[in-house]
2 protein chains.
Amino acid sequence: MTFQALESQSTAELLAEQIRDAILVGKLHPGDRLIEQELSESFKTSRGPIREAIRILATEGLVELRKNRGAIVSAPNFDDVLEVYAMRMSMGSIAVTHASQLSLESELDLGKVTKKLEAMRTAVGGNANRMISLDLDFQSALIALGALPRITEMFEQTAVDIGVFVRFLGIKYDDSDHKALISRHEKLLKAIKVGNASQAIEIWNGHIQTSVREFMKPFSEVEVNELFERPLMNNLFEMENVR
Amino acid sequence: MTFQALESQSTAELLAEQIRDAILVGKLHPGDRLIEQELSESFKTSRGPIREAIRILATEGLVELRKNRGAIVSAPNFDDVLEVYAMRMSMGSIAVTHASQLSLESELDLGKVTKKLEAMRTAVGGNANRMISLDLDFQSALIALGALPRITEMFEQTAVDIGVFVRFLGIKYDDSDHKALISRHEKLLKAIKVGNASQAIEIWNGHIQTSVREFMKPFSEVEVNELFERPLMNNLFEMENVR
DNA sequence: TACTCCTAAATTGTCAACAATCTACAATTC
DNA sequence: GAATTGTAGATTGTTGACAATTTAGGAGTA
């Protein structure tokens, strides 16, 4: 029998995780300063690893680094939402296409992604935020099927972005139809399985558009109108369905 | 009159630049180890900034980081080429679309991108590698027109990737028709200027496809055939034109 | 008051020493 | 001889001290 090689994370990654969570959970607010000394005292470590953790968060865009002046938690805005969803749409199209083709050539391991979908089924009707989180997990697993390392990683990054939006823009997926969501996912998986790339893309793009629509629900008409006046929206998302 | 705030790079960034160049120029080869002590001695600095520089290069994918075992210069492969070009194609489509729309709304500043194009005109008929580099510059400036920070940054990253490919896969743009290249770029800029997004996308995608084709020229038929058997290629690039 | 200049405190940047971990190779066992 | 174990050297990880820089606030000036 063989064991799976365990590779532990570095201290810096562990620290970055903690700080990231603190931001995502709202313990740290946009504009807050991250002071190395302070953090090193509360984490009971030296400044070195803390520094490294802050750099990690900086490349993720969660904090802004100003030379000689430390790091501050950065603030997202509406434009970012549109850009991130646009990226998820097109990176997803590539990954889903690739996965469809891989499925035709060799057998594709749908184990992980099926598991995520199962988790979503179990959560139907429950907490909305939990469903968002599970949906993001499902999507990540789906995109990983494409086995394209850069795209997979970039997609993972946009999931962090969405976490930020959910927290700081007050975005919610309330009232979304969980069952419809899941049945769409099932169709998507099926399309990939039989190698129907164009159908898979269609479903994928539809899902992203629905996500954007759900995101926008809680906002006042004025805000939404302003948002949909932005150039990106016109082209990538079906604005007429939303208003 | 106002001066532009000059923001000097941090030591770590400076060091990363030096090491990056060393890799891109072939002084460091894939598999080579980056030993902090060694580097700190030759750069006459301590290990701290060197460490930071290595982490920067790691996020760029130029080196691979192994916990407690240091960093090694990473080796690219053909799959990476396809993925990177696929990303450039679709991120470019978004940026170019956005730029077209921005052009209709407000006036778009084409100054920088025009300048890059001018530089390409001057270089026509000269060194092929220089033309690659200028073309990459032009493309970056073009994508920056979209004013989408994440996409712009990601695109910049793929330019580094291509630098790696050029160096380590022996890829060349020899024999490419520089004049045709430039006239295509002119058409693309015009399309953006008049807000014709779909035409701009078409030209953009065509350019990426041509780039891939040029990339592949130096390789033996066997290699190219093998390459074009890979799933990604079938769908995203017009393989029948290439063989 | 509004402005500049100056100084002290806070904070980041850098460094060299020490601790922890890994690698390569010799010693040991079967 | 092959496989395993032990060990020294090399290398990364961490730390606390010091240097450089920025920030905030007060004194001085008009």
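Convention: sequence-line order gives letters A, B, ...; per-chain numbering from 1.
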Calculate the interatomic distance between [X] atom [atom1] and [N] atom [atom2]; express it in whole Å.
{"X": "Glu52(B)", "N": "dT14(D)", "atom1": "CD", "atom2": "C1'", "value": "15 Å"}
{"X": "Gln37(B)", "N": "dC18(C)", "atom1": "CD", "atom2": "C1'", "value": "13 Å"}
{"X": "Ile50(A)", "N": "dG13(C)", "atom1": "CD1", "atom2": "P", "value": "14 Å"}
{"X": "Leu39(A)", "N": "dT11(C)", "atom1": "CG", "atom2": "P", "value": "11 Å"}
{"X": "Glu36(B)", "N": "dT14(C)", "atom1": "CD", "atom2": "C1'", "value": "14 Å"}
{"X": "Ile54(A)", "N": "dT12(C)", "atom1": "CD1", "atom2": "P", "value": "7 Å"}
{"X": "Ile35(B)", "N": "dT23(C)", "atom1": "CD1", "atom2": "C1'", "value": "12 Å"}
{"X": "Arg66(B)", "N": "dT11(D)", "atom1": "CZ", "atom2": "C1'", "value": "11 Å"}

Distance test, side-chain N/O of [X] to OP1/OP2 of [N], below 4.0 Å:
{"X": "Arg69(A)", "N": "dT23(D)", "value": "yes"}
{"X": "Thr11(A)", "N": "dT14(D)", "value": "yes"}
{"X": "Arg51(A)", "N": "dG13(C)", "value": "yes"}
{"X": "Ser46(B)", "N": "dT14(C)", "value": "no"}

Considering every strand and a 4.0 Å limit on heavy-atom distances, what is the contact class for [X]: base, sugar-phosphate, or nothing?
{"X": "Leu34(B)", "value": "sugar-phosphate"}
{"X": "Arg47(B)", "value": "base"}
{"X": "Gly48(A)", "value": "base"}
{"X": "Thr45(B)", "value": "sugar-phosphate"}

Would you kindly say whether Gln139(A) and Arg88(A) are connected by a side-chain donor-acceptor distance under 3.5 Å? yes

Glu41(B) side chain to Gln37(B) side chain, donor-acceptor N/O pair below 3.5 angstrom: yes

If only atom types and distance count, is the side chain of Trp204(A) paired as donor or acceptor with the main-chain N or O of Val96(A) below 3.5 Å? no

If we ignore hydrogens and angles and just use 3.5 Å, is the side chain of Ser103(B) paired with the main-chain N or O of Ile192(B) as donor and acceptor? yes

Residue mapping more 5' on DNA chain D - nearest nucleotide basis, Asn68(A) or Pro49(A): Pro49(A)

Between Phe138(A) and His185(A), what is the ring plane arrangement, given parallel below 30°, perpendicular above 60°, and tilted in between? parallel

Nearest of dC22(C), dG13(C), dT11(D) to any side-chain atom of Arg33(B)? dT11(D)

